[in-house]
Amino acid sequence: MDDLDAWLEECKPRTVEVSVCGRGDLLEQHTAAEAALTQAGSPDEMRELAERVQAIEAEIQAATRTFRFRSVSTLEWTNLLAQHPPTKDQLKADPLAEFNPETFPPAAVAACSADGITLEQAQRLHRTLREGEWRKIWSAVLSVNLGAVDPPKSLLAGAVLRSNGASGTTRAATASPAASS
């Protein structure tokens with residue numbers, strides 16, 4: 001199985017990015033400013049409010065951080081789960097619980113961080129961020145580790161190649177075993 005050994009040597013972890021805004025107050029200000037802009041009467045008022053919306057958007061951009069997470073091996077994920085079993089009380093509430101929901105997510109975030117987030121930093125993120133922003137991070141970690149991905153096929157690339165007279169299909173890895181009828 002030399003082919004498998006070579007293939008395994010070429011395996012690389014999957015990486016995903018997620019952007020999180022740490023300033024929920026700015027998001028609320030943006031919503032209010034946008035609503036005011038839709039109600040504006042004069043061109044001067046519209047311009048002033050539009051400038052305010054753009055200023056808030058710049059603040060939101062400055063308060064947004066992109067986090068990168070990479071997959072870990074199945075063995076590493078399983079070992080991490082084993083280190084964070086559900087408590088008896090958690091099992092009473094959910095007999096199918098696979099992990100401690102208080103300790104496992106921050107540990108998984110730290111273990112999968114491509115940016116070197118420590119466990120302490122991950123715990124602080126968990127305590128500090130709004131639920132929606134934390135869920136973006138947690139979902140990225142789950143997706144990169146548990147989400148199955150089929151090899152992508154670009155419809156756009158195929159259409160471009162077909163329009164230029166080239167084949168838009170991917171070449172088969174091996175020849176067909178038998179002639180078609």
**Request:** Check whether more than 12 heavy atoms from other residues, nucleotides or ligands sit under 6.0 Å from atom CD of E57, and answer yes or no.
**Result:** yes
Please tabulate, for side-chain N and O atoms in residues 134-146, each donor-acceptor pair with protein atoms closer than 3.5 Å (sequence neighbours left out).
unit_1, atom_1, unit_2, atom_2, d
R135, NE, E131, OE2, 2.7
R135, NH2, E131, OE2, 3.2
K136, NZ, S19, O, 2.8
S139, OG, R135, O, 2.8
N145, OD1, V72, N, 2.8
N145, ND2, V141, O, 3.0

**D115/R68 under side-chain contact (heavy atoms from CB on, under 4.5 Å): CA gap, chis, key distance, verdict** = CA-CA 6 Å; D115 303 317; R68 294 177 309 129; 2.9 Å; yes
**Prompt:** If you take all heavy atoms of A36 and L49, which pair is closest and at what distance?
**Reply:** O-CD1, 3.5 Å
**Prompt:** At what distance, to the nearest 0.5 angstrom, does CD1 of I56 lie from CD of Q61?
**Reply:** 14.5 Å
**Parallel, tilted or perpendicular, as decided by the 30° and 60° cut-offs, for the rings of F104 and W77** = perpendicular
**Minimum-distance pair of heavy atoms, taken over all atoms of G116 and Q121** = O-OE1, 3.9 Å
**Asked** If you draw a 6.0 Å radius around CD in E9, do more than 12 non-hydrogen atoms from other residues or ligands fall strictly inside?
**Response** no
**Prompt:** With a cutoff of under 4.5 Å between side-chain heavy atoms, which Ile, Leu, Val, Met, Phe, Trp and Tyr residues group with L155?
**Reply:** none
**Prompt:** Is there a donor-acceptor pair under 3.5 Å between the side chain of T78 and the backbone N or O of T74?
**Reply:** yes
**Asked** When you look at CZ of R124, are more than 12 heavy atoms from neighbouring residues, nucleotides or ligands closer to it than 6.0 Å?
**Response** no
**Asked** In this structure, are over 12 heavy atoms from other groups packed under 6.0 Å from E45 atom CD?
**Response** yes
**Request:** Measure the shortest side-chain to side-chain distance between H30 and I60 over non-hydrogen atoms and say whether it is less than 4.5 angstrom.
**Result:** yes
**Request:** Mind listing the closest non-hydrogen atom pair of T38 and A35 along with its distance?
**Result:** OG1-O, 2.6 Å
**Prompt:** Tell me, do Q29 and D25 make a side-chain contact under 4.5 Å, heavy atoms counted?
**Reply:** yes
**side chain to side chain contact (heavy atoms under 4.5 Å, CB included) partner of L129, the single match among R127, E133, H126** = E133
**Message:** Taking the side chain as everything from C-beta on, heavy atoms only, tell me whether Q90 gets closer than 4.5 Å to N100.
**Reply:** yes
**Message:** To check you understand the geometry: which heavy-atom pair defines the closest contact between A97 and L91, and what is its length?
**Reply:** O-CD2, 3.8 Å
**Atom of A122, atom of P106 and distance for their closest heavy-atom approach** = CB-O, 3.2 Å
**Asked** Going by heavy atoms in the side chains, are T15 and F69 under 4.5 Å from each other?
**Response** no
**Prompt:** With no hydrogens and no angle check, is any side-chain donor or acceptor of T128 less than 3.5 Å from a backbone partner on L125?
**Reply:** no
**Request:** State, with a plain yes or no, whether a side-chain heavy atom of L80 is found less than 4.5 Å away from one of E76.
**Result:** no
**Atom of R130, atom of C21 and distance for their closest heavy-atom approach** = NH2-O, 4.4 Å
